[in-house]
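For reference, the structure discussed in these notes is given below.
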Amino acid sequence: MAANNRRMSGKKGAQVGSGGQRRRGLEGKGPTPPAEMRKGHKKNRIAGAKAKQAVRRPTPRGRGGKGTSEMVVGRNPVVEALREGVPASMLYVQQFIDNDERVREALQLAAERGGIHLMEAPRPELDRMTNGLNHQGLVLQVPPYEYAHPEELSAAAYDVGEDPLVVALDGVTDPRNLGAVVRSVSAFGGHGVVVPERRAAGMTAGAWKTSAGAAARTPVARATNLTRTLESYKKEGLVVVGLTADGEVELGDLEALAGPVVIVVGSEGKGLSRLVGETCDFRVRIPMPGGAESLNAGVAAGVVLYEAARRRG
């Protein structure tokens, strides 16, 4: 009876029939899983993003749509475009043109490049093609630019195991600024530029020239709606950083630049649009001890890209 009372007492301790739970509790948890499987690790984040991209990977270049063909008109502009590697499909030369040094150089550059057809045309035909502009007997046809899809930029970064570094332009209408941004993105290891489909600069001959050849290796994507594109980037894990003169965070204090990020640059006059500004995770200002009110889009993007490259290096 006493033994039965001891078994029914509320005294704590090991119970008969524990099934070896204490022994199993002392066993180790096995080898440490690889970084790709550890939640919170950078490699785990990259692997997860790559898996999402694989499920909804966009088609190759071109899904972002095509631009329109363009004419470069005049002897000096044509020669400069050919020197800078602006894509071209046709060089029109006026019949009986005065064969000066610029004409000879244009013909030589076109022949050396290859893939550019030469077409001799009477002056009235060139006048019609250029709507009466002063073409000076030389017209270069630039084919439509094939834009990437915004998702391709981040996918390309993850494919090589890097955190995406993308620049988006909000309301920038000067093609030279776009070309300068493309050049900076290429110089500091970025993965591409996003521009809105409407009311924004596109990849014209002027943008190609300003990029100094960088446009040939740095993709430009076109977004139907920039705000929705930024929201999509945020779902992928990118931090959206907007540049504005009255930003709450100073550039040097922004730790997010070391990870996946999209930098949004507004126009010189209006800055970021309201919806885009509200979509940003951080509104950042560039300190300017010299007292300048603002920087143009190309320079501002270059400053932030340098800081991002420094932190990643």
Side-chain angles (χ1 to χ4, degrees), residues 60-148 152-153 156 160 167 174-193 195 201-222 298 301-302:
R61 289 288 297 272
R63 184 175 149 183
K66 285 189 176 184
T68 57
S69 60
E70 183 185 0
M71 297 288 185
V72 178
V73 175
R75 298 188 184 187
N76 284 336
V78 166
V79 170
E80 290 173 5
L82 289 169
R83 284 176 182 169
E84 295 296 338
V86 174
S89 56
M90 185 83 72
L91 175 61
Y92 294 94
V93 184
Q94 180 182 312
Q95 289 177 341
F96 314 116
I97 190 173
D98 293 333
N99 194 9
D100 67 4
E101 182 179 348
R102 292 169 299 173
V103 173
R104 289 193 295 271
E105 183 176 1
L107 293 172
Q108 181 181 351
L109 289 169
E112 291 174 352
R113 285 259 300 267
I116 301 177
H117 301 287
L118 299 178
M119 178 71 70
E120 193 175 34
R123 176 163 186 160
E125 178 64 16
L126 296 184
D127 291 341
R128 184 193 64 79
M129 289 171 51
T130 61
N131 292 321
L133 294 176
N134 184 22
H135 52 73
Q136 300 175 306
L138 286 183
V139 178
L140 187 68
Q141 185 172 24
V142 179
Y145 180 81
E146 291 194 8
Y147 291 93
E152 293 181 67
L153 307 186
V160 294
V167 174
D174 189 339
R176 293 169 297 182
N177 272 334
L178 171 57
V181 171
V182 171
R183 187 174 184 179
S184 294
V185 169
S186 176
F188 294 113
H191 300 100
V193 180
V195 297
M203 283 305 298
T204 63
W208 269 94
K209 285 168 57 179
T210 309
S211 77
R217 55 184 180 272
T218 301
V220 176
R222 192 162 61 177

Residues Pro175 and Thr204: closest non-hydrogen pair is CB-OG1, 3.3 Å
For atom CZ of Arg176, decide whether the heavy atoms of other residues, nucleotides or ligands shown that lie under 6.0 angstrom number more than 12.
no
Does Leu107 form a side chain to side chain contact (heavy atoms under 4.5 Å, CB included) with Leu91? I'd like the steps, not just the answer.
CA-CA 8 Å; Leu107 293 172; Leu91 175 61; 4.1 Å; yes
Quick one: does Asp98's side chain have a donor or acceptor within less than 3.5 Å of a partner on Asp100's backbone?
no
Going by side-chain hydrogen bond (donor to acceptor under 3.5 Å, both in side chains), name the pairs with one or both residues in residues 105-125, residues two or more places apart or in two chains.
Arg83-Glu105, Gln108-Glu112, Glu125-Arg128
Is there a side chain to side chain contact (heavy atoms under 4.5 Å, CB included) between Glu84 and Trp208? Walk through the geometry before answering.
CA-CA 8 Å; Glu84 295 296 338; Trp208 269 94; over 6 Å; no
Inter-residue atom distance Met71.CE - Tyr92.OH, 0.5 Å rounding
5.5 Å
Should Ser69 and Pro144 count as side-chain neighbours, where that means a heavy-atom distance under 4.5 Å?
yes
Tell me the closest heavy-atom pair linking Ala221 and Leu153, and the distance in Å.
CB-CD1, 4.0 Å
How would you list, by chain and number, every residue that makes a side chain to side chain contact (heavy atoms under 4.5 Å, CB included) with Pro77, sequence neighbours excluded?
Val72
Minimum heavy-atom separation for Asn76 to Arg102, with atom names?
OD1-CD, 3.0 Å
I'd like to know if the side chain of Tyr147 and the backbone of Met203 have a donor-acceptor N/O pair within less than 3.5 Å.
yes
What pair of heavy atoms forms the shortest contact from Asn177 to Gly298, and how long is it?
OD1-N, 3.7 Å
Set of residues satisfying side chain to side chain contact (heavy atoms under 4.5 Å, CB included) with respect to Ala180, sequence neighbours excluded:
Thr210
Which residue pairs pass the salt bridge (Lys or Arg N to Asp or Glu O under 4.0 Å) test when at least one of the two sits in residues 204-219, sequence neighbours left out?
Glu80-Lys209
Heavy-atom closest pair (Leu118 atom, Ala110 atom, distance to 0.1 Å) is CD2-CB, 4.1 Å
Which pair of heavy atoms, one from Val79 and one from Ala106, lies closest together, and at what distance?
CG2-CB, 4.1 Å
With salt bridge (Lys or Arg N to Asp or Glu O under 4.0 Å) as the rule and sequence neighbours excluded, what pairs involving residues 129-138 come up?
none
Which residues satisfy the salt bridge (charged side-chain N to carboxylate O under 4.0 Å, His left out) test with Arg183, sequence neighbours excluded?
none
Report, one line per pair, each donor and acceptor closer than 3.5 Å where one atom sits in a side chain of residues 131-141; sequence neighbours left out.
residue : atom : partner : partner atom : Å
His135  : ND1  : Gly137  : N            : 2.9
His135  : NE2  : Asp127  : OD1          : 2.7
Gln136  : OE1  : Arg75   : N            : 3.0

